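Structure, as structure tokens:
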Amino acid sequence: MNKTVNSKHGSVSSTDVPARKWRLKGAVLLSASLLVGCAAVEPLPSVPTKTGSTVFEARQSLEFCAPQGPKGAKAAVTSSYIASMIFLGILPGAIIAASGEDHTRSQGALNAVDDCLEKQGFERRELTAQEAAAIKQRDRYAREMLLSHLVAGGTLADYQGP
């Protein structure tokens with residue numbers, strides 16, 4: 001700790017140089033980790049799965065849970081701004097939070113809908129690239145059949161339908 005004494009006024013001021021260095025290093029590391037986290041790859045398509053369930057039941061549950069998405073997105077963004085400002089300071093925190101706002105918003109919406117679906121017994125299952133391609137290649141009826149099979153917990157390998 002460096003101390004300077006002003007003999008004319010008798011005041012003492014101190015600056016803690018090592019603490020400033022650590023704070024700066026912490027801010028840089030946190031900023032870098034946030035930016036790396038924001039550069040995440042878009043997730044593959046997913047379906048809610050529940051043993052014995054159909055695509056129609058999954059749609060009804062998804063429609064019921066859809067309004068939770070915007071609420072979760074808003075809460076996630078608000079929390080991100082508050083936490084960033086507390087840990088990094090007002091201006092740097094706001095800048096860091098703003099740079100990752102889109103990712104935070106979409107992840108908050110996904111988490112809120114997932115939580116609601118979990119309360120109804122469903123869980124998110126990301127489709128493989130082959131399953132997503134198979135869904136896109138089918139007509140409406142065959143797509144509904146395949147989606148019902150996937151929602152019920154099946155896979156493309158054990159699918160017997162059209």
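Positions are given from 1, in the same order as the sequence printed here. Computed from a predicted model, the values in this text were never measured in an experiment.
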Taking all heavy atoms of [X] and all of [Y], pick out the closest pair and write down the distance.
X	Y	answer
A73	R105	CB-O, 3.3 Å
E126	S46	CA-CB, 3.8 Å
T104	S80	CG2-CB, 3.9 Å
G93	S84	O-CB, 3.2 Å
V151	A58	CG1-CB, 3.8 Å

If I take atom [atom1] from residue [X] and atom [atom2] from residue [Y], how far apart are they, to the nearest 0.5 angstrom?
X	Y	atom1	atom2	answer
Q60	Q120	CD	CD	10.0 Å
C65	E118	SG	CD	10.0 Å
Q107	D114	CD	CG	8.5 Å
F87	I82	CZ	CD1	11.5 Å
Y81	I96	OH	CD1	11.0 Å

Does one hydrophobic cluster hold both L91 and I86, with members joined at side-chain heavy-atom distances below 4.5 Å?
-> no

Applying the 4.5 Å side-chain criterion to the ILVMFWY set and letting contacts propagate, would L62 and F56 be lumped into a single cluster?
-> yes

In L146, T128, L127, the residue satisfying side chain to side chain contact (heavy atoms under 4.5 Å, CB included) with L156 is L146

For a side chain to side chain contact (heavy atoms under 4.5 Å, CB included) with E131, tell me which candidate from L147, V47, L150 qualifies.
-> L150

Are [X] and [Y] close enough that some pair of their side-chain heavy atoms sits under 4.5 Å apart?
X	Y	result
V55	R143	no
D115	Q68	no
L117	R124	no

For E123, which residues count as a side chain to side chain contact (heavy atoms under 4.5 Å, CB included) partner, sequence neighbours excluded?
-> T49

Could you tell me which residues satisfy salt bridge (Lys or Arg N to Asp or Glu O under 4.0 Å) with R138, sequence neighbours excluded, listed by chain and number?
-> none

Under 3.5 Å: donor-acceptor pair, side chain of N111, backbone of G108 | no

E57 side-chain N/O to T54 backbone N/O, donor-acceptor pair under 3.5 Å | yes

Neighbour count >12 (heavy atoms, 6.0 Å) for atom OH, Y159 | yes

